[in-house]
Trainee: 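The structure's right below; bear with me while I get my questions together.
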Amino acid sequence: MELTPLNTSLSRASKFKDYDKYDTLSLSKCLLGKVLVSCHEGHITAGMITETEAYLHDDPSCHAYMNKKTNRNEAMFMKAGTGYVYFIYGMHYCFNVVSGEEGLGEAVLIRSLMPLYGIEIMQQRRSTQNTKQLCNGPGKLCQALGIDISYNKCSLQGDALYILDYIQLSENEIISTPRIGISKGREFLYRFCVK
DNA sequence: GTGATGATTTAA
DNA sequence: TAAATCATCACT
C-alpha cells in the first residue's frame with residue numbers, strides 16, 4: 001500500500017467517536033485501518049493502525065485483571081475513548097484506547113502503525129531514516145508520535161490525540177494470533193493485524 | 001524501604 | 001541472545 005499524504009483523503013476524514021458502541025474485541029478489529037493522529041509540540045504526525053491487541057477485564061494478562069485498580073491502570077476504568085498510556089521497561093511508553101463499559105477495565109493496545117504524515121518529524125524523534133522502523137512496535141509508535149505519560153487519561157475526542165476513519169476493512173482482511181510479550185493468556189487470539 | 005518485574009527496543 | 005533501564009507494585 002502506498003503512503004498517502006494527509007492533505008488528500010485524510011483532510012476530509014471524520015473523527016471516530018463511537019468508542020462506546022463496540023465491545024473490546026470488536027473495537028480492536030474496528031480500529032484497524034483507521035488513522036491515529038497526534039498534535040504534539042506543534043507538529044502533526046499520523047499513521048494508519050495496522051496491529052492491535054485486546055485486553056479484557058477477565059484476562060490474566062490485563063493490567064486491570066480482577067478489577068484491581070492501581071495508580072498505573074486508573075485510566076483503564078474511565079470511559080471508552082480515553083487514552084491509557086503507561087511506562088514500561090524503564091524507557092518505553094505504550095498507548096491504549098480504553099474500551100468497554102466504564103469501570104470495567106478493558107483496553108486496546110495499539111501495536112503498530114503505517115506512517116502517513118509528519119514522517120520527517122517521526123524520523124527525528126526516532127533517530128532513524130528507515131520508514132519501516134518508525135512505528136512498527138508499541139514503544140516505537142509512541143516515540144514517533146510524541147506520546148508520553150502526559151497523554152494518559154486524555155480524551156481521544158479532543159484535538160491533541162484522536163483517531164480518524166480511513167479504510168474500512170472486512171473480516172477476511174484481518175488475522176488473529178496470540179498476543180506478543182505476555183506470559184499469561186497466550187491461548188487467546190487477541191492480537192489483530194491487517195493481512 | 002526493598003526487591004522483582006515488565007503489553008519493549010536495540011545491538012550484537 | 002542479551003543488555004538497557006526504572007517506574008510500578010506487592011510486601012519479607
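Letters A, B, ... mirror the listed sequences (proteins, then strands); counts begin at 1. The analysis underlying the following values was restricted to heavy atoms, covering all of them including side chains, and did not include hydrogens, waters or symmetry mates.
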Trainee: Side-chain contact test, heavy atoms from C-beta onward, threshold under 4.5 Å: evaluate it for A:Val37 versus A:Leu164 and give yes or no.
Mentor: yes

Trainee: Who are the side chain to side chain contact (heavy atoms under 4.5 Å, CB included) partners of A:Ser112, not counting sequence neighbours?
Mentor: A:Thr50, A:Glu51, A:Asn136

Trainee: Would you mind classifying the nucleic acid contact of A:Arg186 as base, sugar-phosphate or nothing, using non-hydrogen atoms under 4.0 angstrom?
Mentor: nothing

Trainee: Any chance the side chains of A:Arg126 and A:Gln143 put a donor and an acceptor closer than 3.5 Å?
Mentor: yes

Trainee: Give me each pair satisfying salt bridge (Lys or Arg N to Asp or Glu O under 4.0 Å) with a member in residues 136-145 of chain A, each pair once, sequence neighbours excluded.
Mentor: none

Trainee: Take the protein atom CD of A:Glu106 and the nucleotide atom P of B:dA7, then report the distance between them rounded to whole Å.
Mentor: 17 Å

Trainee: Using a 4.0 Å heavy-atom cut-off, does A:Leu109 contact any base of the nucleic acid, only the sugar-phosphate backbone, or nothing at all?
Mentor: base

Trainee: Using the salt bridge (Lys or Arg N to Asp or Glu O under 4.0 Å) rule, collect all pairs that involve residues 57-70 of chain A, keeping only residues at least two apart or in two chains.
Mentor: A:Asp59-A:Arg179

Trainee: Which pairs count as salt bridge (Lys or Arg N to Asp or Glu O under 4.0 Å) when at least one residue sits in residues 73-83 of chain A, sequence neighbours excluded?
Mentor: A:Glu74-A:Lys153

Trainee: Check this for me, if you would: do A:Asp159 and A:Lys15 make a salt bridge, where the nitrogen-to-carboxylate-oxygen distance has to be below 4.0 angstrom?
Mentor: yes

Trainee: When every nucleotide of nucleotides 3-12 of chain C is labelled 5' to 3' by its protein contacts under 4.0 Å (heavy atoms), B for base, S for sugar-phosphate only, - for none, what sequence of letters results?
Mentor: -BBBSSSS--

Trainee: Using side-chain heavy atoms (C-beta onward) and a distance below 4.5 Å, is A:Val35 in contact with A:Leu116?
Mentor: yes

Trainee: CZ of A:Phe95 versus P of B:dT8: gap in Å, rounded?
Mentor: 16 Å

Trainee: Hey, which of these two, A:Glu53 or A:Gln133, hits DNA chain B nearer its 5' end, going by closest nucleotide?
Mentor: A:Glu53

Trainee: Run the ring-centre check on A:Tyr86 versus A:His63 and record whether the distance is less than 6.0 Å.
Mentor: yes

Trainee: Tell me the interatomic distance from A:Met76, atom CE, to B:dA7, atom P, rounded to whole angstroms.
Mentor: 11 Å

Trainee: Could you summarise the pairing of DNA chain C as dot-bracket text, marking Watson-Crick and G-U pairs under 3.5 Å with ( ) or [ ] inside the strand and | across strands?
Mentor: ||||.||||||.

Trainee: Taking atom P of B:dT9 as reference, at what distance in whole Å does atom NZ of A:Lys140 sit?
Mentor: 6 Å

Trainee: Please state how far atom CG in A:Asn130 lies from atom P in B:dA11, giving the value in whole angstrom units.
Mentor: 11 Å

Trainee: Rounded to whole Å, how long is the line connecting atom CZ of A:Arg111 with atom C1' of B:dA7?
Mentor: 7 Å

